[in-house]
Protein chains: 2
Amino acid sequence: MRVTIYDVAKQAGVGIGTVSRVINNSPHISPKTRDKVLKVIKQLKYQPYVMAQGLARKKTNTIACIVPYFTGYFYFELLNGVQQALSRNGYDLILYSVDLFEKKEDILKRTLRERRVDGVLVSSMTISDNYAAKFIHSKIPVALVDGFHQLLDSITIENHEGAYLATSHLLKLGHIKIGMINGCLNSVPAKIRLQGYKQALIDNNITLDEQCIFNVEPNAEPALRNNDGFNKLAGYIAMKKMLALRKNRPTAVFISSDIKAAGAIKAIQEHGLKIPDQIAIVGFDGIELSEYLGLTTMKQPMFKMGDLAVKILINKIQNGVNNEKVFKQLFHPQLVVRETCGASLVQADYR
Amino acid sequence: MRVTIYDVAKQAGVGIGTVSRVINNSPHISPKTRDKVLKVIKQLKYQPYVMAQGLARKKTNTIACIVPYFTGYFYFELLNGVQQALSRNGYDLILYSVDLFEKKEDILKRTLRERRVDGVLVSSMTISDNYAAKFIHSKIPVALVDGFHQLLDSITIENHEGAYLATSHLLKLGHIKIGMINGCLNSVPAKIRLQGYKQALIDNNITLDEQCIFNVEPNAEPALRNNDGFNKLAGYIAMKKMLALRKNRPTAVFISSDIKAAGAIKAIQEHGLKIPDQIAIVGFDGIELSEYLGLTTMKQPMFKMGDLAVKILINKIQNGVNNEKVFKQLFHPQLVVRETCGASLVQADYR
DNA sequence: CTATTTTATGGAAGCCCTTCCACAATTTGT
DNA sequence: ACAAATTGTGGAAGGGCTTCCATAAAATAG
């Protein structure tokens with residue numbers, strides 16, 4: 001029925017081992033037989049059956065990518081980098097999107113047991129020590145992107161620096177009263193961005209006004225907490241609250257994610273205020289959407305991060321996991337100045 | 001080393017066949033042994049090894065989804081539907097993104113031969129008769145989304161109707177001079193949308209003005225042709241050209257994709273014109289971005305389309321392919337009125 | 001209570017590869 | 001020229017599962 005390695009071997013008048021060696025271009029094979037076998041392979045349109053290879057090799061040539069899906073664009077750009085790096089190396093991508101917390105556990109567990117993949121890329125999620133240990137023990141390499149664990153390869157962004165720069169930018173533009181809209185503080189990036197923001201104010205001798213800082217409460221309704229509070233609705237609601245402030249309303253806001261900024265902008269427009277004249281905004285992430293919104297933001301090199309994560313994984317897959325050597329890479333976010341901060345305008349690039 | 005079915009069998013004091021039957025909950029098994037086996041499975045944390053299952057069953061419980069990646073948002077929403085439907089059914093998703101034409105062929109070929117997947121979902125791509133025949137012959141079910149082939153299950157949108165309605169909407173708002181910005185005419189949707197647009201004008205006794213119709217030439221530079229001409233840059237360039245018209249410049253434009261509309265809007269802003277006062281716009285697709293742009297558009301139910309495609313595939317996978325019965329489903333796009341057309345405003349929904 | 005049907009169970013064969021060992025053929029050294 | 005080292009090749013074993021056939025046990029019938 002389907003063409004197997006036996007058919008090829010018979011047709012070419014060689015042993016199956018030889019065919020296998022040709023397929024995997026093992027060195028010890030004479031050019032003559034190689035050609036002969038290759039010809040038959042082409043003629044029979046033979047293609048090795050991945051499942052069987054997987055079983056025999058105990059490799060799948062596949063990596064899993066686990067992302068919290070519904071947050072959208074951020075992952076989209078990351079996936080692009082991942083996808084390209086993978087296909088360059090002949091790996092396939094199995095995509096898992098996680099909406100609920102339990103599902104995350106579920107998927108981690110499955111990845112661990114089923115061994116359907118050779119490596120796992122986890123984006124924007126905390127991995128419990130428990131699972132970290134399990135993965136290490138299983139020897140399945142894991143790379144965290146936009147997430148950190150002491151014992152796992154982690155690719156992160158300098159959140160403190162980013163928040164600091166974003167806030168500083170607003171300060172330089174002359175703003176004194178700068179608020180912050182943030183995610184849930186149980187998310188590490190949110191916490192650190194808050195610190196960066198505070199530090200910038202402190203370094204400029206500005207007293208903090210806690211009532212201008214809007215975090216998402218850990219016990220908020222699910223729609224607000226979704227994705228650690230980095231979602232449109234939460235931004236919208238937070239900005240509504242901020243706009244309702246009777247006195248000392250900020251003239252500028254650092255919003256710790258672009259998607260929240262999108263919600264916030266909507267709220268501002270509904271309120272009838274002008275951006276950036278009456279309220280200036282700087283976001284965080286640099287997703288494509290920010291371009292359309294004219295949003296000044298701290299851009300994360302997501303494509304690069306995805307690319308790097310894949311390289312790390314493939315390296316470990318091919319050269320074996322060495323748990324002593326944990327890879328940590330810190331990327332620096334970059335300020336992209338657009339309209340919402342009130343500084344000079346920059347053309348969106350069309351490339 | 002790893003726990004196999006043999007370990008479970010031994011530990012439970014049964015045969016491997018019995019264990020297998022428990023795993024696949026085959027009917028002919030006594031409750032007593034089932035419980036016994038299940039207990040051991042839990043105790044040993046046994047999880048079947050997918051590769052081996054795949055080899056034995058000749059099923060992979062995986063479907064491939066092939067999308068042209070770089071166009072972005074459209075597929076993002078589609079994938080959401082796909083992903084949810086799949087995970088509900090215990091299937092995994094292998095994602096292939098295609099940038100170049102050759103790569104498409106490549107991936108189709110691989111899917112066909114490697115048999116890594118049980119079914120293939122192809123989005124927004126034409127499948128040659130050649131490959132259609134190959135897939136049919138291979139018995140690997142294929143579903144086309146936003147694409148059509150006589151012999152393959154196809155889920156499409158009523159492009160003619162959509163374009164007609166979009167254009168009619170502008171006509172109803174009083175516009176007489178309505179232009180169109182379109183993709184490459186060798187893409188079927190582009191061709192049909194053009195027809196719909198023309199029909200609407202004809203039905204309203206408006207003479208066509210070919211100079212107000214901007215298709216992407218098949219020999220245009222690659223950046224413009226990308227994704228059949230449905231890209232930002234092409235929209236930007238087309239609008240620039242339209243704005244340069246000396247006389248009889250349209251007061252409204254139907255743009256056959258939201259992403260192109262995004263580019264066009266940029267061009268209009270640069271030109272210093274006001275939307276919708278000086279130029280009204282209706283797009284097509286209803287990607288999330290349209291919401292941010294305040295773009296009036298014809299919304300495609302992408303989530304639903306993805307969901308349906310998966311259902312079709314899984315059905316065929318589980319009940320066998322019946323090539324006599326080809327499934328065709330036509331969805332209707334829906335007009336979403338926002339700011340860019342100049343009709344009454346509608347709140348973006350925050351849910 | 002025995003004969004027949006039904007239901008439950010064990011395990012060999014098979015799915016398609018890779019890998020390793022043994023052996024054959026060739027090359028190198030002397 | 002022959003021994004030793006090197007290179008090339010065949011095919012068995014093994015990877016972990018499903019499935020089918022044979023057999024054992026239980027249920028039903030007479």
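In what follows, chains are A, B, ... by sequence order, proteins preceding strands, each numbered from 1.
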> Which of the following nucleotides, D:dG16, D:dC17, C:dC17, is nearest to the side chain of B:Leu55?
Replying inline: D:dG16
> For D:dT18, does either OP1 or OP2 sit under 4.0 Å from a side-chain N or O belonging to B:Tyr6?
Replying inline: no
> Rounded to the nearest 0.5 Å, how far does CD1 of B:Ile127 lie from CG of B:Leu144?
Replying inline: 5.5 Å
> Between C:dC16, C:dT18, D:dC20, which nucleotide has the shortest distance from any of its atoms to the side chain of B:Arg21?
Replying inline: D:dC20
> For DNA chain C, whose closest nucleotide is more 5', that of B:Val14 or that of A:Gly17?
Replying inline: B:Val14
> Could you give the CZ-to-P distance, from A:Arg2 to C:dC15, as a whole number of Å?
Replying inline: 12 Å
>> Minimum heavy-atom separation for B:Gln47 and B:Arg2, please, with both atom names.
In response: O-NH1, 4.1 Å
>> Any side-chain N or O of B:Ser20 below 4.0 angstrom from OP1/OP2 of D:dT18?
In response: yes
>> What is the separation between atom NZ on B:Lys58 and atom C1' on D:dT19, rounded to the nearest whole Å?
In response: 12 Å
> Under 4.0 angstrom, heavy atoms only, what part of the nucleic acid is A:Ile29 near: base, sugar-phosphate, or nothing?
Replying inline: sugar-phosphate
> For the pair made of NE2 in B:His28 and C1' in D:dT19, what is the distance, rounded to whole Å?
Replying inline: 14 Å
> D:dT18, C:dC17, D:dG11: which one has an atom nearest the side-chain heavy atoms of B:Arg57?
Replying inline: D:dT18
> Which listed nucleotide (D:dG10, D:dT18, C:dC17) is nearest to the side chain of B:Ile16?
Replying inline: D:dT18
> C:dA12 P sits how many Å from B:Ile5 CD1, rounded?
Replying inline: 14 Å
> So, is B:Thr18 close to the C:dG10 phosphate, meaning a side-chain N or O under 4.0 Å from OP1 or OP2?
Replying inline: yes
> Quick one: are B:Gln83 and B:Leu95 in side-chain contact, heavy atoms under 4.5 Å?
Replying inline: no
>> Output the rounded distance in Å from CG (A:Asp7) to C1' (C:dC17).
In response: 13 Å
>> Quick check for you: among C:dT18, D:dC20, D:dC17, whose closest atom lies nearest to any side-chain atom of B:Pro48?
In response: D:dC17
>> Measuring from the side chain of B:Ser30 (C-beta onward, heavy atoms only), which nucleotide among C:dA8, D:dG16, C:dG10 has the closest atom?
In response: C:dA8
> Of the nucleotides C:dC17, C:dG10, C:dG14, which has the atom closest to the A:Gln53 side chain?
Replying inline: C:dC17
>> With a 4.0 Å limit, can you tell me whether A:Thr33 has a side-chain N or O closer than that to the phosphate oxygens OP1/OP2 of D:dG8?
In response: no
>> What is the distance, to the nearest angstrom, from the CE atom on A:Met51 to the P atom on D:dT18?
In response: 13 Å
> Testing B:Leu308, B:Leu121, B:Val122 for side-chain contact (heavy atoms from CB on, under 4.5 Å) with B:Val145, which one passes?
Replying inline: B:Leu121
